[in-house]
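Notes follow once the structure below has been shown.
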Amino acid sequence: MTDTDRPEPPPHFIRTRIRKDVETEVVQQVVTRFPPEPNGYLHIGHAKSIALNFAMAEEFGGRTHLRFDDTNPMKEEQRYVDAIRDDVGWLGYEWARECYASDYFEQLYAWALHLIDQGLAYVDSQDADAIREQRGTLTEPGRESPYRDRPPAESRDLFERMRAGEFPDGAHVLRAKIDMAAPNINLRDPVLYRIRHQHHARTGDAWCIYPSYDFAHGQSDAIEGITHSLCTLEFEDHRPLYDWLIEHLPVPARPRQIEFARLNLDFTVLSKRRLSRLVDEGHVDGWDDPRMPTLAGIRRRGFTPASIRNFCTEIGVTKSESVIPFGALERNLRDDLNVRAPRRLAVLNPLKVILTNFPDDETEWLELPNHPQNPDMGTREVPLSRELWIEAGDFMIDAPKKFFRLKPGGEVRLRGAFIVRCDEVVKDDSGNVVALHCSFDPDTRSGQPGADRKVKGTIHWLSAEHAVRAEVRLYDRLFSVPHPAADKDRDFVEHLNPDSLQVVSDARIEPGVEAMAPGTHMQFERTGYFVVDRDSTPDAPVLNRAATLRDTWSKIEKQLR
RNA sequence: UGGGGGAUCGUCUAGUGGUAGGACUACGGACUCUGACUCCGUCAGCGGGGGUUCGAAUCCCUCUCCCCCAGCCA
């Protein structure tokens, strides 16, 4: 945890509930779990759940398990297990135990037998279509299966033979015997086990029957001694089934499921299905494309673990569905990086400036602070020479009154250096500005007595001779509408923002930046927060823009129009 | 029209019978060698209608709107 973590989290209903359970000694030690299915990459929505589970255990002196809900070998892969482990660790959390639902297959099987023997479960030998057809609808009750009253001994025999591999996929299924007329569809004899002759990443070919989510999840919680099983709202309907199984099985503990609203972010999508499509159809560059809301993506984009943890605390935990502005995530990044990112100079769209009164062959080394508010972060030497690059946008020929940057005849301070005056504008044949002739005032060197002369504007710059060419990738929101998935008339990919990635191939960066390791964060002054991409090499540096700085000028500029 | 949830400033979120509070955004200002940061200030809300009560966001009735559920996915 870092010093930018906020100390006092606001109260929410889950914290209140757990506190009560602790105070009334319903539980002695709080145990939570984060239970991903290893069938895809984690996204920012998972971060909310991760943060909640770990925070609750930590606050009450308990522990958290990382449990892979690997009950469906058709979808799950080891590489996702590895990626999930990386992501949770990257966020800064340490799980007390790493668990797998598949570790409990033998116990789960024994409990299934127990239900059968009690007359609480039966083997149904119909196919999926028949079962679906009998389930009823939202308004009509279901009909009982013809196999519902099969004697327990017969079900047991069949179930044992299912395990032994005597039947093909789909031939039989184990169902709980609850109530086909229940208004809650989850209680209409839900499927507990299905046959899948499928290799499992962990159990190999040991099993050809696999428990369903409903049968595996609560019992896994009980086995691990999970006290509070926190999940999202769509499982609220499953709680009666969760409780039914716990009550009818000789489980060693009594976990309780509590549901909260999942995270929604605007201008993106957060469902595995849609994220997969973006990857599979090539709309993005992979699961860790910096535009993706996956943890791998936003990490590559340059987001920090602390900023995400703070974000998760800030948004709170409730049962009401909400949509959080993407900007809230960015603000948390800025808050974090503002404090700890060293400052550097970079020019994205270079315009040549010639300091006419600066010696032709000289280099002056200026000492610039790495952080304006934090001297502990030290200083660095930055070269200045006769020819410079400045940001093209920092010069205007016909500048409005409120434009504080360079204009013909005007003065501006070069950050950390001198005040310069624009004496002459050099244009090409078509009238484009190609260079500026400026003169500098040697008395105004930063840190010297004459430096307190005030000018309105300060701009960043780079020595043309020393600046390093770099590729800079500017990222913007992935979609151009706030709720791309909400449009019922159009496919969400039609709302993709065509300008979500802008590659600047000939940007210039301050010498030294090219040598920084991938993953290093910095602020390019007046431009934004950047991170060295994993594609970067000292010979071909690549920087990703994680977030811009707040830009008051652009607002003023808009108002002027 | 079966069941399960949810509705408080633009956004997120406190408040469970006693002056609706905070954060973010927006806006205004101060500061500034980053139009950043920081600081100060301002605007802004209980889905509708009834009822109970001295007093209702909170309790009761009713209406409306939104989300989830008919996988051998999780």
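Below, each value reflects all heavy atoms present in this structure, side chains not excepted, and no hydrogens, waters or symmetry copies. So that the names make sense, note that chain A is the first sequence line, chain B the second, and so on, each numbered from 1.
Pairing partner, A7(B): U64(B), with both Watson-Crick or wobble hydrogen-bond distances short of 3.5 Å. Judged by Watson-Crick or G-U wobble contacts below 3.5 Å, the nucleotide A57(B) has no partner. A36(B) is unpaired under the criterion used here, namely a Watson-Crick or G-U wobble arrangement in which both key atom distances are under 3.5 Å.
In this structure, Arg188(A) does not reach the A70(B) phosphate: none of its side-chain N or O atoms is under 4.0 Å from OP1 or OP2. Applying the 4.0 Å criterion to OP1 and OP2 of U1(B), one finds that Thr139(A) has every side-chain N and O outside that range. At A36(B), one or more side-chain N or O atoms of Thr552(A) fall inside 4.0 Å of OP1 or OP2 (strictly under the cut-off). Taking side-chain N and O atoms only, Ser322(A) has no distance below 4.0 Å to OP1 or OP2 of U11(B). Between A74(B) and Arg194(A), a contact under 4.0 Å exists linking OP1 or OP2 to a side-chain N or O. For U32(B), neither phosphate oxygen OP1 nor OP2 lies less than 4.0 angstrom from any side-chain nitrogen or oxygen of Lys454(A). Contact annotation: Arg550(A) side-chain N/O to C37(B) OP1/OP2 distance is under 4.0 Å. At least one side-chain nitrogen or oxygen of Arg135(A) sits closer than 4.0 Å to the OP1 or OP2 atom of G71(B). Between Lys555(A) and A26(B), a side-chain N or O to OP1/OP2 separation shorter than 4.0 Å is present.
Separating the C1' atom of U25(B) from that of C59(B) is a span of 35 Å, rounded to the nearest Å. Spacing between G18(B) and C39(B) at atom P, rounded to whole Å, works out to 33 Å. Only the P atoms considered, U42(B) is 26 Å distant from U13(B), to the nearest whole Å. For the P atom pair drawn from A57(B) and A20(B), the interatomic distance equals 7 Å after rounding to whole Å. Spacing between U1(B) and U53(B) at atom C1', rounded to whole Å, works out to 34 Å. For the P atoms, the distance linking C67(B) with A36(B) amounts to 40 Å, nearest Å. Nucleotides U8(B) and C65(B) are separated by 16 Å at their C1' atoms, to the nearest Å. Of the P atoms belonging to C12(B) and G55(B), the separation is 33 Å, rounded to the nearest Å.
Electrostatic pairing of Arg202(A) and Asp103(A) counts as a salt bridge here, judged by a charged N lying under 4.0 Å from a carboxylate O.
Remark: the His460(A) side chain and the A36(B) base include no donor-acceptor N/O pair separated by less than 3.5 Å. Contact annotation: side chain of Gln373(A) to base of A36(B), donor-acceptor pair present below 3.5 Å. Side-chain N/O atoms of Asp237(A) and base N/O atoms of G3(B) include a donor-acceptor pair closer than 3.5 Å. For G35(B), the base has a donor-acceptor partner in the side chain of Arg405(A) [N/O atoms by modelled type, under 3.5 angstrom]. In the interface, the side chain of Arg331(A) is not paired with the base of U25(B) through any donor and acceptor atom under 3.5 Å apart. One cannot find a donor-acceptor pair under 3.5 Å joining the base of U13(B) and the side-chain atoms of Glu314(A).
Within a 6.0 Å sphere centred on CZ of Arg262(A), heavy atoms belonging to other residues, nucleotides or ligands number 12 at most.
The CE atom of Met74(A) lies 7.0 Å from the CG atom of Asp169(A); values are rounded to the nearest 0.5 Å. Summarising the geometry, atom CG belonging to Asn53(A) is positioned 8.0 Å from atom CZ belonging to Phe34(A); distances are rounded to the nearest 0.5 Å.
Annotation: cation-pi geometry satisfied between Arg477(A) and Phe267(A) (NZ/CZ under 6.0 angstrom from ring centroid, within 45° of ring axis). For Arg163(A) and Trp207(A), the positive end sits near the middle of the six-membered ring, less than 6.0 Å away and at most 45° from its axis.
When rounded to the nearest whole Å, the span between CD of Glu321(A) and P of C67(B) equals 8 Å. In this structure, the CH2 atom of Trp553(A) is 17 Å from the C1' atom of U32(B), given to the nearest Å. Following rounding to the nearest Å, Asn264(A) (CG) and C67(B) (P) show an atom-to-atom distance of 12 Å. For the pair Phe326(A) CZ and U11(B) C1', the interatomic distance rounds to 16 Å; values are reported in whole Å.
Below 30°, between 30° and 60°, or above 60°: for Phe303(A) and Phe326(A) the angle between ring planes is above 60°, a perpendicular geometry.
Across C66(B), A74(B), A36(B), the shortest atom-to-atom separation from the side chain of Thr71(A) is found for A74(B). When the nucleotides C72(B), C12(B), A36(B) are ranked by their closest atom to the side chain of Ile315(A), C12(B) comes out on top. Candidate nucleotides A74(B), G35(B), G2(B) were compared by shortest atom distance to the side chain of His238(A), and A74(B) ranks first.
Mapping Gly170(A) and Glu234(A) onto RNA chain B by nearest heavy atom places Glu234(A) at the nucleotide closer to the 5' end.
Between Tyr147(A) and Tyr122(A), the ring center distance fails the sub-6.0 Å criterion.
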